[in-house]
There are 2 protein chains.
Amino acid sequence: MPDVKHFDPDAVLGQVECVFWQRGTTSVPIADVVATTGLSRSSLYATFGGKHELYVQALRRYVEWRSQPVFDRLAADERGLPALADFFDRLIQVRCEGEHARWGCMVSNAHAGAEGGDPQVRRVLDLHQQRLRTAMRTALDVAGAKAQVRAGLDLQATAELLALVAYGVNLRSRAGADPAELRASVSAVLGCLQS
Amino acid sequence: MPDVKHFDPDAVLGQVECVFWQRGTTSVPIADVVATTGLSRSSLYATFGGKHELYVQALRRYVEWRSQPVFDRLAADERGLPALADFFDRLIQVRCEGEHARWGCMVSNAHAGAEGGDPQVRRVLDLHQQRLRTAMRTALDVAGAKAQVRAGLDLQATAELLALVAYGVNLRSRAGADPAELRASVSAVLGCLQS
DNA sequence: CCCAACTTGGAATGACTATTCCAAGATAGC
DNA sequence: GCTATCTTGGAATAGTCATTCCAAGTTGGG
């Protein structure tokens, strides 16, 4: 005989994700979350728990819904080096224009903020890093098999390097970096890998 | 006939810089700054203004005292590619061990936080980025003149790339990245540049 | 149609925050 | 040593924050 929820928890979590993504966690009062989602404090606390648990759930949603599909696309792209170029092109585009322009990456932002101190958050950050590196590595393996990259390259270290570059793009885009310059930097590193 | 200050403002600013560097700005109550510096609220406000102005001054101090000397050393190092390797070696070491281990870079941290929204902060961030890129470019020019790097390299884009890698190192080090992996990534990019 | 179980909105709470203010203390020139 | 002027410490203020609580409303099975 329980009453049913009058809203869609996952849709709400998506809105919360956007707020925290753009503005971080400490600078968003719970009142703003209430205003954004349209539901009341009671419903928020009853459904998601406190502010911190809400943030963690939003961060997890970001990794699963925003990052993972992009990583999957990269890993599934059989073109090798062009797949990597495509990944970075899309990344820079998302970071610099459109709905989420200049928001950076929610995971990158969490690295720098006080959120990173929390063990739960740290685990999500590590998961994200591992998945990104794995996707990079997969694409690099394809590129290696196609002899698109120089022989004798340390593919694992290169995968990690490309992940670092992605983090750099995320960071600088938030501060208003010129997308053309970012693209040139990516071209520089991908060009260097080329055989 | 004025009384003289009973403390050294610059030494105090150094302490404040460390607190904000490690913990960010929003998660540090002014009470903690008072406790760290040992002086009173009155003296803090009278000398530096409010919390935000204090943060900006600390950030500026960080750029001038922490970043700039490192950039200068890089730009003055006439070895070319080894100078860049040395820069990254020292960077990773500072970020992963010693007094400031896992603090990241105060400027990188500011990129991701809510601080980046402030125009004054943004200007410091851009200044830092420009100086870092310039130092990288200088070292790359030397490397180019010595024919240490591949011909036909876009040196400006490569300088920007290396800056992005540095930001990536700063970010990941804060989340506990393995210094050996970071070093391998740096080796990968520097190895690629080599002729 | 009724009722138990849940949701909801909004007010209330209590802790914490940045900032200001004032009386007391310290200084350096005269 | 005296005094004008600044510094200092701590209390006071006003605002904001996350969280809790309760009365009223809503649901769906019997």
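Quantities reported herein were computed from a predicted structural model and do not represent experimental measurements.
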Checklist line | Donor-acceptor pair present, A:Ser40 side chain and C:dG10 base, under 3.5 Å | finding: no
Margin query: Tell me whether the side-chain N or O atoms of B:Arg41 pair up with the base of D:dT8 as donor and acceptor below 3.5 Å, since no angle test is needed here.
Written below: no
Starting at atom [atom1] of [X], determine the distance to atom [atom2] of [N], rounded to an integer number of angstrom.
{"X": "B:Tyr45", "N": "D:dG10", "atom1": "OH", "atom2": "P", "answer": "16 Å"}
{"X": "B:Arg23", "N": "C:dT17", "atom1": "CZ", "atom2": "C1'", "answer": "14 Å"}
{"X": "B:Lys51", "N": "C:dT19", "atom1": "NZ", "atom2": "P", "answer": "8 Å"}
{"X": "A:Phe7", "N": "C:dT7", "atom1": "CZ", "atom2": "C1'", "answer": "9 Å"}
{"X": "A:Tyr55", "N": "D:dT19", "atom1": "OH", "atom2": "C1'", "answer": "21 Å"}
{"X": "A:Ile30", "N": "C:dT13", "atom1": "CD1", "atom2": "P", "answer": "21 Å"}
{"X": "B:Asp8", "N": "D:dT7", "atom1": "CG", "atom2": "C1'", "answer": "16 Å"}
{"X": "B:Leu44", "N": "D:dT7", "atom1": "CG", "atom2": "P", "answer": "13 Å"}

Check: Is a side-chain donor or acceptor of A:Arg174 paired with a backbone partner of A:Trp103 at a separation under 3.5 angstrom?
Finding: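 Looks like yes, one N/O pair under 3.5 Å.
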Next item on the list: Report yes if a side-chain nitrogen or oxygen of B:Ser43 is closer than 4.0 Å to either non-bridging phosphate oxygen (OP1 or OP2) of D:dT8; otherwise report no.
Entry: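 Indeed, a polar side-chain atom of B:Ser43 lies that close.
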Next item on the list: Quick one: label B:Val28 by what it contacts on the DNA or RNA (base, sugar-phosphate, nothing), any heavy atom closer than 4.0 Å.
Entry: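 Answer is sugar-phosphate: B:Val28 comes under 4.0 Å of backbone atoms only.
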Checklist line | A:Glu181 vs B:Gln156, side chain to side chain contact (heavy atoms under 4.5 Å, CB included): CA-CA, chis, key distance, verdict | finding: CA-CA 9 Å; A:Glu181 288 182 4; B:Gln156 188 59 26; over 6 Å; no
Checklist line | B:Glu17: which of B:Arg23, B:Arg61, B:Arg60 passes salt bridge (charged side-chain N to carboxylate O under 4.0 Å, His left out) | finding: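 Considering B:Arg23, B:Arg61, B:Arg60, a salt bridge (charged side-chain N to carboxylate O under 4.0 Å, His left out) with B:Glu17 is found only for B:Arg61.
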Next item on the list: Show your working on ring pair (Phe, Tyr, Trp, His ring centres under 6.0 Å) between A:Tyr62 and A:His128 and close with a plain yes or no.
Entry: CA-CA 10 Å; A:Tyr62 180 91; A:His128 180 271; 7.2 Å; no
